[in-house]
Protein chains: 4
Amino acid sequence: MAISQEDKYEKILDAAIEAFAEVGYHSCQVAKIARMAGVADGTIYLYFKNKEDILIRLFKERMGRFIELIRSEMDSCQDTRSRLRAIVHTHLTYMENNRALATVSQIELRQPDTSLYTAIAFPLRNYFRLIEEVIEEGIKQNEIIPSFNVHVARQMIFGTIDRATTDWIFARSERSLSKDTDCMLELFSAALGLPKEENIKKKNEI
Amino acid sequence: MAISQEDKYEKILDAAIEAFAEVGYHSCQVAKIARMAGVADGTIYLYFKNKEDILIRLFKERMGRFIELIRSEMDSCQDTRSRLRAIVHTHLTYMENNRALATVSQIELRQPDTSLYTAIAFPLRNYFRLIEEVIEEGIKQNEIIPSFNVHVARQMIFGTIDRATTDWIFARSERSLSKDTDCMLELFSAALGLPKEENIKKKNEI
Amino acid sequence: MAISQEDKYEKILDAAIEAFAEVGYHSCQVAKIARMAGVADGTIYLYFKNKEDILIRLFKERMGRFIELIRSEMDSCQDTRSRLRAIVHTHLTYMENNRALATVSQIELRQPDTSLYTAIAFPLRNYFRLIEEVIEEGIKQNEIIPSFNVHVARQMIFGTIDRATTDWIFARSERSLSKDTDCMLELFSAALGLPKEENIKKKNEI
Amino acid sequence: MAISQEDKYEKILDAAIEAFAEVGYHSCQVAKIARMAGVADGTIYLYFKNKEDILIRLFKERMGRFIELIRSEMDSCQDTRSRLRAIVHTHLTYMENNRALATVSQIELRQPDTSLYTAIAFPLRNYFRLIEEVIEEGIKQNEIIPSFNVHVARQMIFGTIDRATTDWIFARSERSLSKDTDCMLELFSAALGLPKEENIKKKNEI
DNA sequence: GATGAATGAGATTTCATTCAT
DNA sequence: GATGAATGAAATCTCATTCAT
């Protein structure tokens with residue numbers, strides 16, 4: 001029984017992601033989610049307070065996972081470049097593997113003044129903070145010479161990844177998103193003044 | 001009379017921008033727009049087909065203006081760096097001076113599968129194309145050595161500016177948005193491998 | 001236009017009385033009221049906040065009228081007996097002429113803890129107070145020798161009239177309700193120790 | 001087991017009385033009754049056909065008991081006055097001791113056109129009949145000189161007691177209800193022309 | 001018999017749009 | 001052209017009742 005309930009909760013959440021991605025939160029009827037989840041309309045309300053609650057929990061849980069994932073990937077990184085690579089690669093790969101979730105985020109995360117924004121603001125800010133910490137650590141370790149505003153550098157890193165994701169969603173093509181990891185990383189490295197990969201290798205070889 | 005009609009059309013559009021920015025397109029009642037525009041509900045339908053039509057025309061006209069403005073700013077630019085500066089500065093300044101419009105763009109431009117997206121896709125793609133042309137021209141003029149994908153570089157430039165705008169909207173503070181122009185420009189220059197400003201000057205002096 | 005709107009408001013109120021009387025407030029759908037009033041469902045909400053608001057205004061306005069009527073009838077009365085007669089007669093006649101309203105009152109006025117009760121409590125208490133004042137004035141004028149609790153006497157007077165009304169409603173027969181005025185008045189007179197009508201006349205004749 | 005079943009049935013009935021008294025029949029969810037009775041929602045349907053059936057049986061059984069009680073109290077009465085006293089006193093005391101039941105009766109007994117009314121009409125009519133019989137017996141025994149309509153006299157007696165009960169319920173105070181027995185009895189005696197208590201005693205002494 | 005998760009019919013209310021004035 | 005009262009389709013959410021366990 002416990003498993004079945006857990007299942008149903010997840011089933012509804014999965015259906016909601018697909019449904020929201022397809023038509024957008026506002027145009028999506030609860031009945032559509034129910035149908036896609038294979039449950040009755042009323043069942044939704046056994047697991048969620050209301051329609052907005054679905055959206056909020058969806059982000060809290062699924063996006064929460066994403067940020068945890070990035071953090072854990074970071075632990076095994078020794079230098080700024082590999083940390084940046086971890087961020088870019090994990091972000092793009094996660095979105096690639098969760099296209100519907102990515103779609104919903106791109107669309108619904110911009111609504112200001114909603115309880116959704118309040119709910120999601122904290123984890124998102126955490127993510128921003130994480131990126132900024134990577135840069136600051138790079139500066140402390142003398143890997144980066146700080147000729148820029150860390151805040152703006154973070155906007156560049158997140159903004160670029162986010163825009164690439166948006167383009168990928170709207171393109172609807174089957175092309176890969178994560179394939180741009182290296183290119184993006186080179187741009188960021190150059191922007192931040194990180195030494196090129198080959199140089200690092202050379203330094204290590206000596 | 002002709003002027004009065006023109007007036008009313010613009011009044012409704014202005015009211016709609018404010019109203020959409022305040023509560024979002026979906027939560028915004030047509031009656032609210034009418035009230036804010038100082039016209040009767042029914043009058044709106046003399047100038048617009050329906051609620052979505054307001055949004056579409058709003059973008060087409062106001063964002064269209066924006067892109068034209070960027071293009072015209074570009075004409076007086078001689079090199080890649082000043083072209084990039086024109087883009088960044090014009091974009092940030094325009095949004096700063098049209099906060100409500102900026103808000104609406106950030107929010108509503110992401111809805112997939114709407115006639116809105118179809119309507120806006122073309123001018124937006126034009127803007128993207130413009131950015132890419134600046135980069136390509138820089139490569140052709142040997143200002144930039146192309147060690148990256150132009151597409152991704154454009155995502156970086158637009159994504160960074162766009163993210164900065166989003167942050168500025170959500171911050172709700174009175175701080176300036178355009179003040180980050182220089183910082184952003186340095187990051188882009190470094191990323192694209194453009195020579196530093198002082199070097200350019202020196203070259204010109206010689 | 002003004003007349004038409006006033007009309008519509010009253011039409012809805014009239015329809016609501018009939019509808020509530022027929023099936024009770026809770027079982028009555030807003031759609032039924034709309035149909036009976038000859039308007040669209042949504043029109044109801046141009047004139048009333050919600051379903052409960054209809055019920056509240058219904059009582060406030062229609063029952064308010066009733067109590068005002070009793071008060072005005074009272075003004076022309078010189079002694080306790082004629083005042084009591086005015087109360088009994090006006091009450092029974094009003095209910096007789098407004099059967100649906102009477103039905104709704106009997107049913108819905110007993111719901112405790114509703115905003116309806118809060119809304120109606122004041123005028124009802126006023127009515128109770130009025131009855132008690134009639135008795136107290138009778139005592140002051142030496143028409144009544146106070147061998148009882150005024151409060152209980154009021155419960156008797158109102159309770160009897162109210163019960164007669166309830167019986168009349170449930171009987172569904174076409175028999176008159178107000179025909180019992182005299183009988184009721186004699187019972188009240190005897191209960192309160194008022195002299196019989198003939199005695200009064202005699203006293204006056206002497 | 002048989003006892004346990006009986007128990008559960010009564011437990012549900014008791015819970016229903018409390019629940020209905022608290023929020024009213026219509027606003028009361030079956031789940032609330034179940035919770036208050038300490039059983040599962042579904043269990044209710046093993047003992048009752050549906051929600052309305054709970055209300056009907058509640059009245060039939062609990063109010064039935066009440067009327068039986070009055071009848072039995074009556075058996076030991078020798079004259080009209082003591083019979084009336086038995087009615088008033090038993091009625092008020094019973095309600096005082098069963099406040100929740102009293103509340104439910106006051107509220108729900110007025111719904112027209114329900115199977116509830118049909119179900120309750122018979123015992124209630126029996127009670128009315130009982131009161132009328134007391135009056136008629138008083139007339140036959142020459143205790144009362146019939147200058148009134150027996151029907152109306154009954155409305156007075158029941159109406160007064162009933163109104164006092166309603167007032168007591170809505171007052172929510174802890175004051176006694178049955179304390180008004182004597183006062184009420186004096187009013188009824190005077191109204192019906194019954195000799196005063198002291199006179200009766202004298203008559204008996206002679 | 002007892003459970004309580006699941007059901008889905010149904011009711012209120014909103015609001016984009018129309019159209020008589 | 002302008003109005004704004006009226007419309008009625010549509011969507012969320014509730015809750016009495018069922019039924020597999």
Side-chain angles (χ1 to χ4, degrees), chain A residues 1-2 4-5 7-9 12 26-35 37-54, chain B residues 1-2 4-5 8-9 26-35 37-54, chain C residues 1-2 4-5 7-9 12 26-35 37-54, chain D residues 1-2 4-5 8-9 26-35 37-54:
Chain A
M1 227 16 53
S4 160
Q5 273 183 233
D7 270 6
K8 217 154 254 180
Y9 178 85
I12 293 169
H26 278 102
S27 307
C28 177
Q29 296 152 241
V30 173
K32 183 192 178 83
I33 300 172
R35 200 181 334 114
V39 300
D41 293 18
T43 305
I44 304 254
Y45 293 88
L46 295 176
Y47 296 92
F48 300 89
K49 219 169 56 216
N50 50 36
K51 188 180 160 187
E52 195 184 30
D53 188 40
I54 304 175
Chain B
M1 265 319 104
S4 160
Q5 277 185 37
K8 225 160 243 181
Y9 178 85
H26 277 103
S27 306
C28 179
Q29 296 156 236
V30 173
K32 183 191 176 88
I33 300 172
R35 201 182 335 115
V39 301
D41 295 16
T43 305
I44 299 218
Y45 291 85
L46 297 173
Y47 296 92
F48 298 89
K49 214 169 62 210
N50 52 34
K51 189 180 165 187
E52 197 184 31
D53 187 40
I54 304 175
Chain C
M1 225 19 51
S4 160
Q5 275 184 231
D7 271 5
K8 216 154 255 182
Y9 179 84
I12 293 170
H26 277 104
S27 308
C28 178
Q29 296 152 241
V30 172
K32 182 191 177 85
I33 300 173
R35 201 181 333 114
V39 301
D41 293 17
T43 306
I44 304 256
Y45 292 87
L46 295 176
Y47 296 92
F48 299 90
K49 218 169 55 211
N50 52 33
K51 189 179 162 188
E52 196 184 31
D53 189 40
I54 305 175
Chain D
M1 266 319 105
S4 160
Q5 277 186 39
K8 225 158 241 182
Y9 179 85
H26 277 102
S27 306
C28 179
Q29 296 158 236
V30 172
K32 183 192 175 88
I33 300 173
R35 199 183 336 115
V39 301
D41 294 17
T43 305
I44 300 220
Y45 291 84
L46 297 174
Y47 295 93
F48 298 89
K49 215 168 62 207
N50 53 32
K51 189 179 164 186
E52 197 183 31
D53 188 41
I54 304 175

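Here is the naming used below: chain letters follow the sequence lines, and residue numbers restart at 1 for every chain.
- As a whole-Å value, the separation of C/Tyr9 OH from F/dA5 P is 16 Å.
- To the nearest angstrom, P of F/dA11 lies 12 Å from NE2 of B/His26.
- Side-chain N/O atoms of B/Lys51 include none lying less than 4.0 angstrom from OP1 or OP2 on E/dT17.
- Between C/Tyr45 and A/Thr43, the residue anchored closer to the 5' end of DNA chain E is A/Thr43, taking for each the nucleotide with the nearest heavy atom.
- Residues passing the side chain to side chain contact (heavy atoms under 4.5 Å, CB included) test with A/Val30, sequence neighbours excluded: A/Ile44, A/Tyr45, A/Lys51.
- Rounding to whole angstrom units, CG of residue B/Asn50 and P of E/dT18 are separated by 9 Å.
- Residue-to-nucleotide proximity on DNA chain F shows that, of C/Gly42 and B/Val39, the 5′-proximal contact is made by B/Val39.
- As rounded to whole Å, 18 Å separates atom C1' of E/dA2 from atom CZ of D/Arg35.
- Residue D/Tyr47 places none of its side-chain N or O atoms closer than 4.0 Å to OP1 or OP2 of E/dG1.
- Note: CG (C/Asp7) to P (F/dA5) measures 15 Å, nearest angstrom.
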- line: The dot-bracket string of DNA chain E, counting Watson-Crick and G-U wobble pairs with both distances under 3.5 Å, using [ ] for crossing pairs and | for pairs to another strand, is .||||||||||||||||||||

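- Atoms CZ (D/Phe48) and P (F/dA16) sit 15 Å apart, rounded to a whole Å.
- Toward the 5' end of DNA chain E, the nearer of the two residues C/Asp41 and A/Leu46, judged by each one's closest nucleotide, is A/Leu46.
- Residue A/Lys8 places none of its side-chain N or O atoms closer than 4.0 Å to OP1 or OP2 of E/dA5.
- One can place CD of C/Gln29 at 8 Å from C1' of E/dG10, the figure rounded to the nearest angstrom.
- As a whole-Å value, the separation of C/Ile33 CD1 from F/dG8 P is 17 Å.
- Taken from SG in B/Cys28 to CD1 in B/Ile54, the straight-line distance is 8.0 Å, to the nearest 0.5 Å.
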